[in-house]
Every structure is written in structure tokens, then in C-alpha cells.
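As the structure is a computational prediction, the values presented were derived from the model and not from experiment. Counting from 1, the numbers follow the sequence of the chain as shown.
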Amino acid sequence: MRYELVIFDNDGVLVDSEPISNRLLAAYLTELGHPTSYEDSIRDYMGSAMHRIHDLVYERTGERLPAEFDDVFHQRVFAVFERDLEAVAGVVDVLGKLAADEVPYCVASSGSHERIRVGHRTTGLDRWFDEGRIFSSQDVGKGKPAPDLFLHAAERMGVVPERCVVVEDSPLGVQAAVAAGMDVLGFTAMTPAAKLAGATQLFSDMSELAGLLA
């Protein structure tokens, strides 16, 4: 194993949440008077921490999203998660191999701790991620594309950045990993390969990941 720590993004890499989240986000922003298509949401917000959504809407319109925006959005998302969310196909096999080979791994997500835990509990991935393996942009206050979250996860896991590899599916996440001085494997299941061009390597199916980590 050439890496001492594998850092997983959560949404779209561990849990297949991006279609749900972006459909609901587009609908809610449109409802609030900011017309947004599903494609717009994927392009502009996929991989973002919540504060970036607020910032972008304000930059573009001069209007603030309502104070209850985050709470209402998460209530809607969690309700659908409980009914429809699934783990990304093949990721349990990857986690099983890492555990069997005693390779350290963790999750570092732009999402809140609550969002990570709801998704993991719903999909059964909670058995693979104890408290010490979960890191959120809430922990550092500055989400991707800033490197802060990945650097925080590496420090807490006791591994220097150059010995880490990040598994990401968003352009913001790839930028953050590169800025942190880490290798990054870009998952192109939902994102065009050209948008993840900064990644060390690209892959389109989780069945390929174990080979790239070896």
C-alpha cells in the first residue's frame, strides 16, 4: 500500500446522495425566487459547504437566503434519505478490503456531522465509521476548495499530507486535495472527467478503486 491514509469524500463517493440533494436544493432555491435547475445545482453547488450556497446566492442577487434555510433544507433532505438513500455501489467492498489490510481511512465531508451520520446510519455505512473517522467542514469553518478540512483530517489521523490520498467526485474537492498537497483519485460516475482534470488519476466505477490504492 503506497498510502498511509485514505480520505473519502462522503456525498457521491460513500453515499449516493448527490441526485437527491441537488434535486431538492434546486427546487428549494427556485421556490425562494432564485430559479435553479438540477443541472445548475450540480454545476454550482455540488461538493459545497452550506455557507458557499449562501455566499453564491448573495453575490449573484444581493439577497440573503432566509435564516431557516439550512434547517429546512436538511429536514427535506433527511426525509428523502431515510426512504431512498443507498450506499454507492461497490464502496462496501473497498472499505472491507481497507479494514482487512489494516489501512487507515476516514471521511472528510463538506456536509454537517448530522448529515454524514444520517446518511451512514440509513445505508449501514455507520459500521465502518466510528467517531474518530468522521470529519466535517463544521470542524474547520472553511469548506472546500480550501485545503483546511483535508489537512485537519490528516493531522487528527496522524499522517502527513504527502502520504494521504483523497477520493473525490467534485471539482471543489479535487481543488482542496491538490491545495493540501495530497494525491486525489477523481470519481467520474456523476462528474465529467474534464471537470476533475486536476486529479492524480480518474476512475468511473468503485470496482477500480482498490487497484488504484494498491
What residue pairs, at least two apart or across chains, pass ring-ring contact (aromatic ring centres under 6.0 Å, His included) with a residue in residues 178-214?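 For residues 178-214, and leaving out neighbouring residues, the ring-ring contact (aromatic ring centres under 6.0 Å, His included) pairs sorted by first residue read Phe187-Phe203.
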How would you list all residue pairs meeting ring-ring contact (aromatic ring centres under 6.0 Å, His included) that involve residues 9-28, not counting sequence neighbours?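 Sorted result for residues 9-28: Tyr28-Phe69.
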Flag yes if more than 12 heavy atoms outside [X] fall under 6.0 Å of its [atom1] atom; otherwise flag no.
X	atom1	answer
Glu102	CD	no
Arg64	CZ	no
Glu155	CD	no
Tyr38	OH	yes

Are [X] and [Y] side-chain neighbours, meaning at least one heavy-atom pair lies under 4.5 Å?
X	Y	answer
His54	Asp70	yes
Leu149	Lys144	yes
Asp93	Met206	no
Asp139	Arg156	no
Ile134	Cys106	no
Val88	Val13	no
Glu131	Arg117	yes

Please enumerate all residues that pass salt bridge (charged side-chain N to carboxylate O under 4.0 Å, His left out) together with Glu86, with sequence neighbours excluded.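 In terms of salt bridge (charged side-chain N to carboxylate O under 4.0 Å, His left out), with neighbours along the sequence ignored, Glu86 is linked to no residue.
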Taking salt bridge (charged side-chain N to carboxylate O under 4.0 Å, His left out) as the definition, give me every residue that meets it alongside Arg52, ordered by chain and number, with sequence neighbours left out.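 For Arg52 there are no salt bridge (charged side-chain N to carboxylate O under 4.0 Å, His left out) partners, ignoring immediate neighbours.
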Apply side-chain contact (heavy atoms from CB on, under 4.5 Å) to [X] and list each qualifying residue two or more places apart in sequence or on a separate chain.
X	value
Ser41	Asn22, Leu25, Ala26, Thr36, Tyr45
Glu63	His34, Thr61
Ser21	Ser17, Val77, Phe81, Arg115
Thr123	Val15, Leu85, Ala87, Leu125

Assess whether salt bridge (Lys or Arg N to Asp or Glu O under 4.0 Å) is satisfied between Arg121 and Glu114, documenting all intermediate values. CA-CA 10 Å; Arg121 185 178 68 247; Glu114 184 183 15; over 6 Å; no
Taking ring-ring contact (aromatic ring centres under 6.0 Å, His included) as the test, write out the residues that go with Phe8, two or more places apart.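 Applying ring-ring contact (aromatic ring centres under 6.0 Å, His included) to Phe8 gives none.
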Residues Tyr105, Phe129; criterion side-chain contact (heavy atoms from CB on, under 4.5 Å); working and verdict: CA-CA 9 Å; Tyr105 65 88; Phe129 290 92; 3.7 Å; yes
Nearest heavy atoms of [X] and [Y], plus distance in Å:
X	Y	result
Ala180	Phe150	CB-CB, 4.2 Å
Leu32	Pro66	CD1-CD, 3.9 Å
Ile116	Gly111	CD1-O, 4.0 Å

Can you check whether Met46's main-chain N or O pairs, donor with acceptor, with Glu18's side chain at less than 3.5 Å?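 Side chain of Glu18 to backbone of Met46: no pair is present.
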Would you confirm whether Arg163, through its side chain, and Arg2, through its main-chain N or O, come within 3.5 Å as a donor-acceptor pair?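 Yes; judged by distance alone, with no hydrogens or angles, the pair exists.
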Stepwise side-chain contact (heavy atoms from CB on, under 4.5 Å) check, Thr200 with Met182: CA-CA 9 Å; Thr200 311; Met182 301 176 181; over 6 Å; no
Could you grab the distance from atom [atom1] of [X] to atom [atom2] of [Y], nearest 0.5 Å is fine?
X	Y	atom1	atom2	value
Leu56	His51	CG	NE2	10.0 Å
Leu202	Leu185	CG	CG	9.0 Å
Arg127	His120	CZ	NE2	13.5 Å
Ser170	Ile42	OG	CD1	10.5 Å

Sequence neighbours left out, what passes side-chain hydrogen bond (donor to acceptor under 3.5 Å, both in side chains) with Arg43? Give chain and number order.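 Arg43: side-chain hydrogen bond (donor to acceptor under 3.5 Å, both in side chains) contacts with Asp40.
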Full working for side-chain contact (heavy atoms from CB on, under 4.5 Å) between Val166 and Asp9: CA-CA 7 Å; Val166 176; Asp9 175 43; 5.7 Å; no
Contact list for residues 177-194, test side-chain hydrogen bond (donor to acceptor under 3.5 Å, both in side chains), sequence neighbours left out: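 Sorted result for residues 177-194: Tyr3-Asp183.
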Pairs involving residues 204-214, ordered by first then second residue, that meet side-chain hydrogen bond (donor to acceptor under 3.5 Å, both in side chains) (sequence neighbours left out):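 Matches after skipping sequence neighbours: Ser204-Glu208, Asp205-Ser207.
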